[in-house]
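To find a chain, count down the sequence lines: A is the first, B the second, and so on, and within it residues start at 1.
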Amino acid sequence: MFKVNLQLAQTPDESTRHLLPPHSDTTPFPSTYNGVNPSFGREMRALFNFGPDYVPLNHGAFGTYPRALLEYRMKLLRDWEERECLFSLHDYPRLLRDSCAAVAPLLGAAVDDVVLVPNATTGFDTILRNLTFAPGDVILYPATIFPACRNTILSLQETTPVRGHELPLTYPLSDAALLALVRTALTTLTASGHRVRAAVFDTIASRPGVRVPWERLVALCRAHSPATLSIIDAAHGLGHLDLSHVAAPSGPNPDFLVANCHKWLFTPRPAAVLYVPRRNHYLLTTALPTSHGYLPPATRAAIPAETYFQRLFAPAATADGTPYLTVPAALRFRALLCGGEERVRDYCAALARAGGDYVARRLGTEVMDNEEGTLREGVAFANVRMPIRVAPRGFGRAMIPLVHGDEGETTRGWWGRVAGEEYGTYFQTYFYGGAVWVRLSAQVYLERGDFVWAAEVLREMCERVRDGEWRGDGMGGY
Amino acid sequence: MDPSYRNLNHGSFGTIPAVIQSRLFAYQSQSEAKPDPFIYYEYPPLLDASRAALAAFLNVPVEAIVLVSNATTGVNTVLRNLEWTDDGLDEILVFDTIYGGCGRTVAYVVETSRGLVAERRIPLTYPMEDDDVVDAMREAIKASKKEGKRPRVAIFDVVSSVPGVCVPWVELSHACKEEGVLSLVDGAQGIGLVKLALDKADPDFFISNCHKWLNVPRGCAVLYVPVRNQGLIRSTMPTSHGFEPKAGSAGLNAPLPPGNKSKFVQAFEFFGSVDNGPYACVKDAIKWREEVLGGEDRILAYTHALAKEGGKRVATILGTKVMENKAGTLGQNSMVNVALPLAVVWGDGDKTEDDDLTPDTPRIPKDDVVAASTWIKRTLATEYQTFVMIYTYRNRWWARLSAQVYLDLDDFDFGGRTLQAICARVAAGEYKMGE
């Protein structure tokens with residue numbers, strides 16, 4: 001017998017005891033709360049995990065999930081601990097299949113064409129690092145590409161013959177203008193003897209958080225050069241936009257799509273979908289990381305591409321895959337307690353519009369949009385310009401510049417830290433098009449009052465920026 | 001853990017004590033109370049504390065320690081970052097006991113390197129003395145150079161998986177250094193399993209799972225890259241915010257506040273959303289082992305002795321043997337490999353038979369190996385409420401049992417009797433009788 005130091009042996013302490021879910025095989029959460037369906041806003045907020053004094057206005061960055069999902073995931077982890085090998089042998093594969101089956105219809109996809117990966121970045125890397133490139137190959141992408149994805153392309157530039165072609169553009173931009181830019185780029189690249197191997201588009205960009213007419217861009221690429229692979233970064237798309245047409249016969253049918261479940265779909269981190277239509281399965285020879293599923297060329301040629309695709313993404317490389325297993329529970333929460341996907345989408349978009357407009361009025365600025373109003377359509381983001389004058393470097397005190405040039409970027413850390421420490425929130429600010437912006441996220445756990453509150457806090461913080469307070473920040477802006 | 005379940009296969013997936021599980025839940029709750037402040041401000045100190053705890057544990061500088069989700073990711077990160085020489089003479093040296101997933105990674109790297117790198121596989125025939133293993137590596141390096149090739153990197157375990165035996169990795173690291181070959185140590189089975197003289201070995205890259213033997217929740221491994229080699233690791237896997245292109249600038253976008261940590265360390269702080277809970281638990285697990293279990297020496301003394309004694313008991317019950325060399329170094333860890341009274345027939349005229357096999361030993365044809373393995377795995381779990389790693393090595397079947405602080409000799413006796421029963425049923429052909 002191994003003797004344990006019982007005096008020092010800690011039983012789960014009181015602060016965490018309540019976190020251990022009860023043993024139960026019943027449904028992880030009731031279909032109503034206190035007998036009624038909670039309304040969006042304050043009531044719905046009680047079903048989440050936020051600290052009492054925190055106002056969560058940045059859902060788009062890391063996402064979050066309801067208490068019911070936290071408990072369900074803990075239950076799965078506990079089951080796994082208790083029945084280790086049985087869980088791995090029976091439960092995990094079954095629940096993983098259930099998750100793929102639950103998420104596939106959200107893309108209008110066949111269940112065999114979706115696999116779960118930790119996050120969109122991994123999915124994106126998996127796609128690009130599987131492609132083989134020849135001299136003259138180009139990957140086309142707008143300047144609003146997610147920075148980690150840009151870095152993957154830059155990394156590939158160093159190790160393969162491919163070149164990235166970044167399309168400079170500045171929002172606000174009409175859809176027509178964006179399409180024209182892409183069309184011109186495709187034409188120019190092809191005319192100069194390049195092969196546009198892939199084109200990368202968001203469904204909703206990150207900075208600024210605006211809607212992209214990605215379906216028309218996919219069609220444009222296909223019309224111009226059918227061999228160009230369209231890669232859609234739907235990190236912000238799933239649970240935010242209606243994507244159920246993606247893989248439908250009359251749908252845009254991109255060549256690849258990645259989407260986070262842990263952002264707008266309410267699952268714990270990490271969980272994301274990698275969608276690969278059957279016609280493209282053969283392009284993926286490895287998962288990321290490479291593990292048991294990989295087969296060398298001669299061996300894999302002997303099995304069907306669809307079989308190899310599923311084999312590649314079967315569980316390997318020990319990790320906590322329980323977030324993958326929570327997709328059905330997340331969808332069930334949204335269906336039973338939120339009234340369904342469409343209701344969630346409509347509420348978030350409407351709140352972002354009303355809330356964003358209000359904040360902009362209070363600040364005397366505007367919410368980013370184009371003339372046609374397509375940037376905000378259906379989007380749960382509001383990108384509000386801060387009333388902070390940004391002058392180019394070199395202008396003297398006579399202009400009372402509040403922020404010099406790229407210093408707009410360095411105030412970002414100040415915004416985040418002060419918002420957290422002093423106001424109990426977090427503002428995602430960014431420097432774009434010569435101004436400082438804040439990207440606010442609407443969600444079912446927020447209501448108009450939260451945006452009213454946000455407006456006052458932002459006003460006050462802008463005063464402090466004007467007073468130059470952020471300059472004395474010893475943390476280099478963070 | 002369910003009290004009716006006997007876990008004799010800790011080496012495959014690890015397990016965690018209740019108090020660490022509740023710490024994990026606490027971090028997950030803390031994270032969702034204020035998602036952004038947690039990731040930006042509360043989590044980095046937790047990560048640094050875990051890195052510091054590991055650095056102290058391994059007696060190496062904290063600057064060389066980063067965390068990734070598992071050993072496979074760690075090995076992939078290193079191998080995919082190495083740039084092969086244009087003359088196509090580079091070689092990757094591996095033993096034939098390399099872990100399956102790593103072997104596939106090497107195969108993938110070779111496939112996609114457009115002929116720039118090849119694999120050189122070194123066969124081992126256990127039981128072997130440590131010196132013979134090191135000689136085998138030296139011979140391979142010599143042979144490679146003699147053929148005009150360039151042995152670039154050698155991959156070897158601390159404790160191999162199948163069979164689960166100690167590898168003289170410290171001597172191998174030194175040998176590689178003498179020969180100018182990079183050493184990539186797959187210590188997936190390492191931390192908490194054996195004492196690690198990482199500072200003495202000074203390999204070029206070292207990876208170990210924290211979620212196997214260190215009682216850390218699933219999804220955490222340590223990637224050790226001494227500062228001298230950090231320039232070789234250009235990108236995390238996947239590539240993310242911390243990547244710095246050689247030409248031009250990707251722009252400032254580090255999501256976490258910059259500090260005075262190196263670019264290498266910062267890159268690995270955040271490269272795609274993950275569950276930060278396991279990483280934060282590392283320091284808690286190390287502390288728990290120290291305070292409640294009495295420290296690494298005490299734990300290892302118990303588990304090593306249990307594996308040795310338990311293995312002997314199982315071998316007695318089965319009438320077979322334990323895999324061990326003359327110096328007794330293979331079994332100096334918490335796992336033990338016991339031969340089963342079952343053989344494999346790989347082909348006609350197969351002459352390389354194990355000395356201890358008799359004409360009476362039941363023989364399983366090679367085409368039945370997969371079906372038999374699957375049946376054994378399922379039956380052990382569902383009927384006997386246990387699991388033991390079963391594998392074939394050369395001409396016979398073996399069992400790998402893992403000793404743990406929550407086990408004692410009774411569990412090994414149980415393991416032995418269970419294996420005896422299972423082998424009898426396999427010999428009777430029960431695995432052939434369908435679902």
Measure [X] against the heavy atoms of chain B and call it side chain, backbone, both or neither at under 4.5 Å.
{"X": "A:Ala235", "result": "neither"}
{"X": "A:Gln428", "result": "side chain"}
{"X": "A:His59", "result": "neither"}
{"X": "A:Tyr65", "result": "both"}
{"X": "A:Tyr54", "result": "side chain"}

### Message
Could you check whether any side-chain heavy atom of A:Phe48 comes within less than 4.5 Å of a side-chain heavy atom of B:Glu32, counting everything from C-beta outward?
### Response
no
I'd like to verify something: which residue of [options] has the highest number of heavy-atom pairs under 4.5 Å with chain B?
{"options": "A:Ala61, A:Ser291, A:Cys149", "value": "A:Ser291"}
{"options": "A:Thr122, A:Leu77, A:Thr286", "value": "A:Thr286"}
{"options": "A:Thr126, A:Asn58, A:Val55, A:Leu295", "value": "A:Asn58"}
{"options": "A:Pro56, A:Gly51, A:Pro296, A:Ser155", "value": "A:Ser155"}

## Note on the structure
In terms of heavy-atom pairs under 4.5 Å with chain A, the winner among B:Val110, B:Asp408, B:Thr105 is B:Thr105
Which atoms of [X] are under 4.5 Å from chain A, going by heavy atoms: the side chain, the backbone, both sets, or neither?
{"X": "B:Leu79", "result": "neither"}
{"X": "B:Thr77", "result": "neither"}
{"X": "B:Thr73", "result": "both"}

[Y] and [X] side chains, donor-acceptor separation under 3.5 Å:
{"X": "A:Ser206", "Y": "A:His236", "value": "yes"}
{"X": "B:Glu111", "Y": "A:Tyr294", "value": "yes"}
{"X": "B:Ser235", "Y": "B:Thr239", "value": "yes"}
{"X": "B:Gln30", "Y": "B:Glu42", "value": "yes"}

### Query
Is the NZ or CZ atom of B:Arg218 positioned over A:Trp80's six-membered ring, under 6.0 angstrom from the centre and within 45° of the axis?
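Output yes; distance and angle both within limits.
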### Task
Working to the nearest 0.5 Å, report the span between OG1 of A:Thr121 and CZ of B:Phe270.
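It is 7.0 Å, given to the nearest 0.5 Å.
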### Task
Under the side-chain hydrogen bond (donor to acceptor under 3.5 Å, both in side chains) rule, collect the residues that match up with A:Thr322, sequence neighbours excluded.
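Here the qualifying residues are A:Arg73, A:Asp320.
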### Query
Any Lys/Arg nitrogen of A:Arg269 or B:Asp275 sitting under 4.0 Å from an Asp/Glu carboxylate oxygen of the other?
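A salt bridge is absent here (no side-chain N lies under 4.0 Å from a carboxylate O).
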